Amino acid sequence: MLRKALSLINLIRELGVSDESVLSVMGAIDRSLFLPSTLTHRAYENNALPIGQGQTLSQPYTVARMSAILRQHMQDQCITQPQILEIGTGSGFQTAVLSQIFSHVYSVERIKSLQFQARRRLRHLDCYNVSLKHGDGWEGWPSKGPFDGIIVTAAAATLPEVLLEQLSPKGCLLIPVGESDQQLYLYQRHGEEFTHQIVEEVKFVPLVPGELQ
Ligand code: SAH
């Protein structure tokens, strides 16, 4: 692992992510491949970074934390071949991380040009267990569901209830909710019942309703 990548992974571990599988996947994927060429020198900062169109590549700590929560859920529920839906492909970095951990990742992005670049990067990295769609994440991806895990990487003003309906009977939804103050929620399905908890405060770009770009 590059020295800079190693110190970022150590920092994420110090910040409380202890899942070594997630950390080693994060350390093995070159984050600079997911950034515009003018920002590659900042790839190993623990910051969200701009990827164009007013969007950002999420903070590495947050990517690790959300991936670890999903993995823990799959282990606790003994889900052996997790099917994951991601809303907000963006750069494709989180998608690449998820693809190394779970059986299949479906990812929806509303901005065509970002989706196009993400597809190219994921092909380049041989991430073949990924399906991408240009669409509105508020609708999920009903034809590919149900999903064992749904991860939303943009903040919803209110909970998109339709995503809960696309969970498998033991599935979970990880979603930032709020506008200026945002909290990361974990919803867990138990058959027809749902429980939820707040994980922590977060800062994401908004989950934009409607209109594709
Ligand atoms: N996981 C990404 C995060 C990108 S930022 C990464 O680390 O690179 C959030 C992304 O959500 C943006 O690309 C934005 O265009 C997308 N997004 C916002 N609203 C959306 C919607 N309604 N449907 C699908 N994608 C959406």
Side-chain angles (χ1 to χ4, degrees), residues 8 12 17 22 25-26 29-37 39-40 42-70 84-102 105-122 124-125 127 130-145 147 149-163 166 173-179 182 184 202-213:
L8 175 62
I12 296 171
V17 178
V22 168
V25 166
M26 294 265 309
I29 300 176
D30 182 356
R31 193 166 177 252
S32 69
L33 297 175
F34 294 84
L35 286 167
S37 54
L39 286 174
T40 51
R42 297 182 57 191
Y44 293 98
E45 290 178 9
N46 187 31
N47 289 320
L49 291 170
I51 53 171
Q53 313 284 335
Q55 307 305 322
T56 54
L57 196 167
S58 304
Q59 184 191 32
Y61 162 75
T62 307
V63 173
R65 178 96 167 103
M66 291 173 82
S67 305
I69 291 171
L70 279 186
I84 306 294
L85 172 66
E86 177 192 31
I87 307 295
T89 316
S91 67
F93 180 71
Q94 171 88 72
T95 323
V97 171
L98 296 171
S99 81
Q100 303 297 304
I101 303 173
F102 301 112
V105 182
Y106 298 86
S107 185
V108 181
E109 169 57 54
R110 68 175 277 278
I111 301 179
K112 185 78 190 165
S113 58
L114 293 181
Q115 193 229 358
F116 182 80
Q117 288 178 353
R119 187 185 295 285
R120 197 168 35 75
R121 292 171 180 138
L122 292 163
H124 173 73
L125 291 175
C127 297
V130 168
S131 307
L132 301 182
K133 174 179 160 170
H134 180 223
D136 180 9
W138 282 89
E139 294 169 10
W141 194 341
S143 62
K144 300 292 186 187
F147 303 100
I150 302 181
I151 173 173
V152 184
T153 67
T158 57
L159 176 73
E161 302 267 345
V162 74
L163 296 182
Q166 290 176 30
L173 164 65
L174 200 48
I175 181 168
V177 181
E179 288 173 89
Q182 302 171 7
L184 183 63
V202 283
K203 188 93 196 111
F204 280 89
V205 294
L207 185 69
V208 179
E211 288 279 295
L212 300 188
Q213 197 176 313

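Throughout, numbering of the chain's residues begins at 1 and tracks the sequence. Just so you know, ligand 1 is whichever comes first in the structure, and atom 1 is the first atom listed for that ligand. Please read these numbers as outputs of a predicted model, since none were measured by experiment.
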Can you tell me which residue and heavy atom of the protein come closest to atom 23 (N) of ligand 1, and the distance to 0.1 Å?
-> Gly137 N, 2.7 Å

Looking at side-chain heavy atoms only, is the closest gap between Leu70 and Ile101 below 4.5 Å?
-> no

pair Pro142-Gln166: side-chain heavy atoms closer than 4.5 Å | yes

Evaluate side chain to side chain contact (heavy atoms under 4.5 Å, CB included) for Leu57 paired with Leu39, printing each intermediate quantity in order.
-> CA-CA 11 Å; Leu57 196 167; Leu39 286 174; over 6 Å; no

Of the protein's non-hydrogen atoms, which lies at the shortest distance from atom 4 (C) of ligand 1, and what is that distance?
-> Thr56 O, 3.0 Å

Would you mind reporting whether Lys144 and Leu85 have side-chain heavy atoms less than 4.5 Å apart?
-> no

4.5 Å side-chain heavy-atom contact, Gln213 and Val208 = no

With backbone taken as N, CA, C and O and side chain as the heavy atoms from C-beta onward, which portion of Arg110 lies under 4.0 Å from ligand 1: side chain, backbone, both, or neither?
-> both

Ligand-residue contact atoms, ligand 1 with Ile111, heavy atoms, under 4.0 Å = 15 (O)

Which of the atoms of ligand 1 are close to Leu114, meaning less than 4.0 Å from one of its heavy atoms?
-> 13 (O)

Within-4.5 Å side-chain heavy-atom neighbours: Phe102 and Val97 = no

Give the residue, atom name and distance (to 0.1 Å) of the protein heavy atom nearest atom 14 (C) of ligand 1.
-> Gln55 OE1, 3.3 Å

Ligand 1 contact by Thr89, heavy-atom criterion under 4.0 angstrom = yes

Are Gln94 and Glu86 close enough that a side-chain donor and a side-chain acceptor fall under 3.5 Å?
-> no

Of all the atoms in ligand 1, which lie at a distance below 4.0 Å from a heavy atom belonging to Trp138?
-> 22 (N)

Protein heavy atom at shortest distance from atom 15 (O) of ligand 1 = Glu109 OE2, 2.6 Å

Heavy atom of Glu86, distance to ligand 1 below 4.0 Å = yes

What one should report as the nearest heavy-atom pair of Gly140 and Ile87 is CA-CD1, 4.2 Å

Could you list the residues that satisfy ring-ring contact (aromatic ring centres under 6.0 Å, His included) with Phe34, not counting sequence neighbours?
-> Phe93

Protein heavy atom at shortest distance from atom 11 (O) of ligand 1 = Gly88 CA, 3.2 Å

Determine whether His134 and Leu212 make a side-chain contact, defined as any pair of heavy atoms from C-beta on separated by less than 4.5 Å.
-> yes

Heavy-atom contact under 4.0 Å between Pro206 and ligand 1?
-> yes

Any atoms of ligand 1 less than 4.0 Å from a non-hydrogen atom of Asp136? List them with their elements.
-> 21 (C), 22 (N), 23 (N)

May I ask you to test the Trp138-Val162 pair for a side-chain heavy-atom distance under 4.5 Å?
-> no

For atom 6 (C) of ligand 1, the protein heavy atom that lies nearest, with its residue and separation = Ser91 OG, 3.6 Å

Taking only heavy atoms of Gly135 into account, list the atoms of ligand 1 that are under 4.0 Å away from them.
-> 23 (N), 24 (C)

Any atoms of ligand 1 less than 4.0 Å from a non-hydrogen atom of Gln94? List them with their elements.
-> 1 (N)

Relative to the heavy atoms of Val205, which atoms of ligand 1 are at a distance of less than 4.0 Å?
-> 5 (S), 9 (C)

Of all the non-hydrogen atoms in the protein, which one sits nearest to atom 22 (N) of ligand 1, and at what distance?
-> Val208 O, 2.6 Å

Atoms of ligand 1, numbered as shown, that sit under 4.0 Å from any heavy atom of Val108 = 24 (C), 25 (N)

Minimum side-chain heavy-atom gap Arg121-Leu33 below 4.5 Å = no

Starting from atom 9 (C) of ligand 1, find the nearest protein heavy-atom neighbour and note its residue, name and distance.
-> Thr153 O, 3.3 Å

